[in-house]
Structure formats: C-alpha cells, structure tokens
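Here's the structure we're looking at; comments come further down.
We name chains A, B, ... by the order of the sequence lines, and we start the count at 1 in each one. Bear in mind the structure is a predicted one, so any value in this text is a computation, not a measurement.
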Amino acid sequence: MPVGSGETWALSLMVATLYSATPLVLAALGGVLSERAGVINIALEGLILAGAFVGAWAGQSAPIMGLAGAVLAGALIGLLHAFLTQTLRMNPVVSGLGITLLASGVTRYLALRWFEQGFRIDGLPGGLFLGLALILPFVTLLVLHRTRFGVRLRAVGENPESARMAGVAPVPLRYLAVTLSGVLAALAGAYLSMSDAHTFSSNMSAGKGYIALAAVIFGKWHPLGASLGALFFGFFYAVQTQLQISGVQVHWLGVEWTSPFLLDCLPYLMTLAALVSVVGRAVPPAALGKEVE
Amino acid sequence: MSAPTVAELLPDPPPAVRMENITKRFPGVVANRGVHLQVRAGTFHAVIGENGAGKSTLLNILYGRYRPDAGRIFLHGEEVTQELRGPIDAIRHGIGLVSQHHALIPALSLLENVVLGSEPVLPGGVLDWRRAAARIQSLAKQLGLGTLDLSQRAERLSVAAQQKVEILKALYRGARILLLDEPTATLAPQEAEALFALLRGLVQRGTTVVFVTHKLREVMAHSDAVSVLRAGRNAGDFVTRETDERTLLQCMMGARSGSGVAFRVPLTGELEPDPALPVPGMEAAVFRPIRPLSGSPLFQIEHATVRNLRGARAVQDVSLEVGMGEIVGVAGVDGSGQQELAEAIIGLRPMETGRLFLAGVELTRMRVRARQRQGIAYIPEDRHRSGLVLDFDIAENYLLGHEDCEDWGGGWVLKPAVMFRRAAEMVQRYDVRTGFRGVPTPVRDLSGGNQQKVVFARAMESRPRFVVACQPTRGLDVEATRFVYRTLLQARERGAGVLLFSLDLDELLYLSDRVAVMFNGRIVGLLPRDTASAERIGALMTGSAEAMEGAS
C-alpha cells in the first residue's frame, strides 16, 4: 500500500462499496417485489445474466438500445417465471433454477457465436445505475406501502385467498410483481456488462443473484433493509478487490490468507455469516412459495 | 272494513336472496344436493345443520367463491347465476362474507385490511389514506365500535375485535347482504352477545343478515327465520317464533334423533346424558362430586412462564394441579395462552421459569420422548398439522412415536406385518371407518372423526397416566364427539388425569371435575364443577374484574 494514502484508501473503498452494491441493490429490490407478492424468485441470477448479455449485445449499436433491450429481456423472462409458477403451477424453486441454468447456457453459447474475442462496448456511465440504486429503494418502499398496487401485492403475498375474498385477483398481481422483479434484476445485469466490464463474459453474474436473495432475507423482505443488506455484501466485495489491488500479503499458520482464491470467497462467507445471525428472526411473507388456491 | 294501506296493496318485495336447486360436488362428496334458500330482505336468517351438512358451501356459493354445478341464484328478484364468477362480483352485488378462515391478514394494518380491494386512490394509484380513514371511522361510530387505531396490525386484535373489523370491512364495500360463517365459534358468551347486538342493529337499519351456526340457542334468541340443512339437502324452513329447539334439533339430526343423540350438551347446553349409551363413568362425570385430592396430586405445574413464537410471555406464572382420575378443563378465549401451556407441558416449548411433576417425578428438563415414557399423552389441537402425517397410511400413523418399541415397530428395521396386524386390531377396536381399502388407506382420505380416532388410538396405546387434550372435538360431528368423550371418560375412570383445553364451554362443563379459566396467559379462576357455570366462566374469560374477585 502506498504510504500516506490512508484517507484515499478509505475513500476509494467507499466508492468501490457503492459500485459493488449497485447491482446487488437492484436485484435485491427485484427479489423484494417478487417475494412480497409470494413468489420465490431464485431466477434472479439468470435474470442478471440475461440482462448483462442483452445489454452488451443490443448496446453495440447504441447504449440506450442496450438498456431498453435488457429491460425487455428481464420483463419477458420475469413473465416466463410467472407463467411457469402461477399458471402452470410449477414449483418456483425448480422454475427459478431452470431459468438460471437456461440463461447461463444460452448466453454462453450465443456469446461464443456472436461476440469476438475481447470485444468492448462504450456502454453507459456507472453513475446512472448508482443513481437508480440510491433512489429505487425509496421508490419501492413508497410503492409497497402507499399505493393501491403495493397494498394488494402485500396482501397477495400474505394470504392470496383472503385477498381473493376481498375482491383482489391474486394471479394477475403476481404476474405484474414478478415481471417488475425481472426488469430490476436485468438492470443489475445491464450495469455489470455495460458500465462495469464494458463487455460480456459468460457467467459474469458470479452468484450475485443469490447474494441479492440473501440480502432480501437479511433485510427481512423490506426494501430498505434489503438494500442495506446489499450494501453490506457490496462492502465485502469492495474489501476483497481493494486487498487484491493493494497487494498486501498475510501469512499465518502456513496459509496465505490473502490469496486471490481465498479472498474471492469473502463476500460469500460473509453472506453465510450474516444469514446465520438473522436466521430465525426473519419472518417471510406468509404465503411465500404457496400456490393460489 | 278499513281501506287497505298502500303497503298492503304493493306486492311483496322480492326476497333479498333466492337460491334454487343448488348442487355442488367436490371430489368424492356432494356438498349440496338441490338446495333451496330464500331470505327476506331486512331479516336475520339462520342456516343450521351438523358438520358436513353443506352450510358453509352454500354461503360460499352465494359469495362467488365456488361456482354451483347446477342451480340458480337471484338477488332481489334478479337472476345473477351467471354473473357471480368470483367474490369480486358478489361484492359488486352488495354481498359481504365474514368467514371463519381467510379473514383479516395479520401482517397488514387495520386500514389496509378494510380497504383492500376497494381502495380509494389519488391520481397515480396512490392510496388516499385520509379519505379511507374518515370513512372507516364514521362507519365504526355507526357500529358503536368507537374510534379505531387504524395503523395497528390486525394480528394485535382479539378474535372478537377482528370479527367486528370484518363486518366493518363488508359494510365499507357497501354490503346490503351480510353472510357470517359460524361467527361465534371462537367467542366467549359475552362477546357473542355483543356481536349479536351489533348485527341486530344492522338488521334494524335494513341490512339482511344470513348466519351459519350449529348453536341452537343463538338461533332461537336472535334469528327471524331458520333454514335447516341435513347431509347436503334441505331439511326444513321455520319461522323462529313458531318453532322450538327440540323441533330444530330433530330436523337437524333426522332419523338419528330418536336414539342416537348421545349428548345434547354441545347443542343445547343442557346436561342430559343419553341413557341408551353405555358410557362407563358418565354418571359419575355428571353427578359425582369431585373426589378430594388425596396426598400429592398426579400432575403439578408450578409457576410456569412460557414465551410464544414472537418472544412475548404467553403464559405467566401458571400453577395447576391435576389429580388421579380427574379431568381439569381449561377455558379461555382463543389465544389466551392455552396452546403455549399445552406445548410446554408436552415438552415442545421451553419454559422460561417453573417446574413440572408427574407422580412425583420432575419432568422439567426432560425431552418430549422422555416425558411420554413417564406417561404423558398428547392430543394436539390441529390433527392435520401436528396430529397426523396425512399421506401416511393408518398403520404408519399408528406407529409414529412408537417406532422404537421393538415388539411392534422395530429397532432398526420396521416390521410391516406386525404393524399391519396391530393397526388392523386398532381399526376394529376403535371402529375406524376406512372404506374398502382398510389399513393401507392414507389418513388424508378418512373423515375428520375417523382421523381423530387414529390420533386417540395412538395416544392411548401406551395407557398414559396423564392426557393433555387440545380441542379434541373441534370440527367433529356428534358421532365422533361422543367417541372422544367416551375415551376421555374411560381414561379418567382408570385413574388417569386429563387436562382438557377447549373453547366449547358446554363441553368443559360436561366433562370437567374442575375448570381453570385462562385470561392473558394467567389462570384467573379455578372453579369446581358445582359452582362453574357458562356465565361465570365467560365473565372470567373476558377478564371481567368482578368475576375475578369472586373466583380465586
């Protein structure tokens, strides 16, 4: 570490935290919307990948096309998850896993076919996505608690039959919630390819969809809580990157603790630790994962 | 002859509700077979019948939850059969349903619960809280509910208060026809009276009320007219003034009423054992004074404090004793800590403080299985969730909890042939109606009464010294209820102690030697049977201060 740069280091860590958290916040908000409506969404990982791929592909012509393409792809795949779970009544875990595996395989294949080695796109400024990640938690909060849509969404996630008895049709509501969830997760993906990497590489989501889900549970399905959770995990991504950049080496008990391979595990390890500490206290929406009768 | 008044010249207004020839089939059951129902506008109409008579189904059809397989529905003379595709349509036609289940959503605020589905909004879909709150409060005032705290979560309200909010919710949607499905099933007598007073007021102001119940007392005291259903068919329609309880009971029970009504107790509140029924110990249960507790009691719980799932103290400093051959009933409004107390005794829930003894042996630190070995048996409240594994067959369910008994379960490997033989014996002994498949029938396919027989058979298998029974007759018909009573009284006769948790006061008064009353997690009264009455217990259940002074 260069001498006398303690403050700079802290500042760059802060900035790195915000940017690392950006895709996690967006995807976590998607998770909140879907799960508060009662639909388990482990398709987040696949949605991020799909958003990243379409963003990079359509973004080759114009960045705005990339953004629009990612949003559209997210909406369509979200719709697919809703169709599979709500209309065909497939188990949401199976559907989510299937979508993720499909997205992983298809994007990898198409990337090999369509993208040249080392291609780069201009993409979009990261600040755009950062701005979204700062504003959307509050927007989501207001939507959930201050609008008709939000009240109905929460009612359907708690007890679809009660909602139906009160004159709310649960299935269309869940479709809408899961579709929006897909859009948010795809935005997270678009950030990764268009602003962070300026390229697409296969499986570049690297588990961020699952970490976002962990943030949702960590934040007790509350939009601000989930966003704070995302920030927390983003912090450890940032720490890991900063440590790797700084080249600090720590040897202890014959293990090189700062080895990149171990450091890469840090965010995931902290995810586990965080979930253990809240587990048992986090009460999910009562009808999460339950079918509409 | 005086000239007819204008009112007399006008034709009768069409009935508020007319249902014709309603038939509804569910897989394996016909719930309604050609049922008729006619309700005059602005009246208080009761629909009665035993469990499974088809009352709830009929109500749910009228509310659009189920579509009838055949039949026609008219509201105020207009046919709406085709229009009632779901609750939304029923609400649009001015129908409100206060259902037993699927009521308020616990995690939502009162305001959100009331407006859900008909939310007043500002442009952009933003809720108009102020308009909603003003409208709700003015309705609450009309109903005599005072000012409500609309921001609190529904789960914080008592069952009785939730029900009133549900009525408010229906009226908020402009309901002119209010349907109530067993509204008093979980209320204390005083709360039920208050509910009926409120409903009476509504009827006077022109609302039509249809309520389903199996409590004849309520029907006689409050309704204008009664429709009786039996086994999915109409069994009779009566004007309440012109009938009596006995007639209605006979109508409900049909041919069985002559010989088969073992207990009129749960139905009418009279203590009248059926002489035709050979129940050992029944005479004693009804007439014998409680025996003095000689020496140390069989079961003791001392200063127990138990926290519920949310960490609140659901049971506070409870001490109670049960003697040999004694049934101690525990009364209380639903959610007064009964469940937590029962679970603490069984060992399912840790006690924060307090000690437990059975026949002098301390159980406080024992696990569930060890307590069972000491002779505790448990009849859980919810036989579907905690009593049985619905997809297991009868033999597997019967074995549960006895798997480590080498003589019939097996040590490491199950012994299917022995299990089957034991289960077949049990089925015969307890008269479990299994249908043609016999022992391999999954218990899911048994009726509620037969499922409960399996639960009881398993609990009684080891001849327990102490039985904890929670709501053992909930949802059972008369036949199965009689079985449960007989089994508990038999256990008592052979010297076992029984702790009976029930919401049915008549049942408690009938079976118990003493009745403990819980309120807010404490035992606020312990009444010997000769001084216990529904009124006194009811007063204690609702925390009436005077009652508490009288009963310590």
Are more than 12 heavy atoms, taken from residues, nucleotides or ligands other than A/Arg89, located less than 6.0 Å from that residue's CZ atom? yes
Rounded distance [0.5 Å steps], CD in B/Glu112 versus CZ in A/Arg148: 14.5 Å
Could you report the tightest heavy-atom contact between A/His145 and B/Trp129, atom names first, then the distance? O-CZ2, 3.2 Å
Which bit of B/Val126 comes within less than 4.5 Å of chain A, counting heavy atoms only: side chain, backbone, both or neither? both
Quick check for you: to the nearest 0.5 Å, what is the distance between B/Leu108 atom CG and A/Glu158 atom CD? 6.5 Å
What residue in B/Ser118, B/Gly117, B/Ala170 has the most heavy-atom pairs under 4.5 Å with chain A? B/Gly117
If you measure from CG on B/Leu116 to CZ on A/Arg154, what distance do you get to the nearest 0.5 Å? 9.5 Å
Got more than 12 heavy atoms from elsewhere within 6.0 Å of CD, B/Glu78? no
Taking atom CZ as the centre, does B/Arg67 end up with more than 12 heavy-atom neighbours from other residues, nucleotides or ligands that are less than 6.0 angstrom away? yes
State the CD-OG distance between A/Glu161 and B/Ser99, to the nearest 0.5 angstrom. 8.5 Å
Considering only heavy atoms, which portion of B/Arg92 lies under 4.5 Å from any heavy atom of chain A: side chain, backbone, both, or neither? neither
Working to the nearest 0.5 Å, report the span between CZ of B/Arg65 and CZ of A/Arg164. 6.5 Å
Report the option among B/Leu127, B/Ile91, B/Leu122, B/Ile88 that has the most heavy-atom pairs separated by less than 4.5 Å from atoms of chain A. B/Leu127
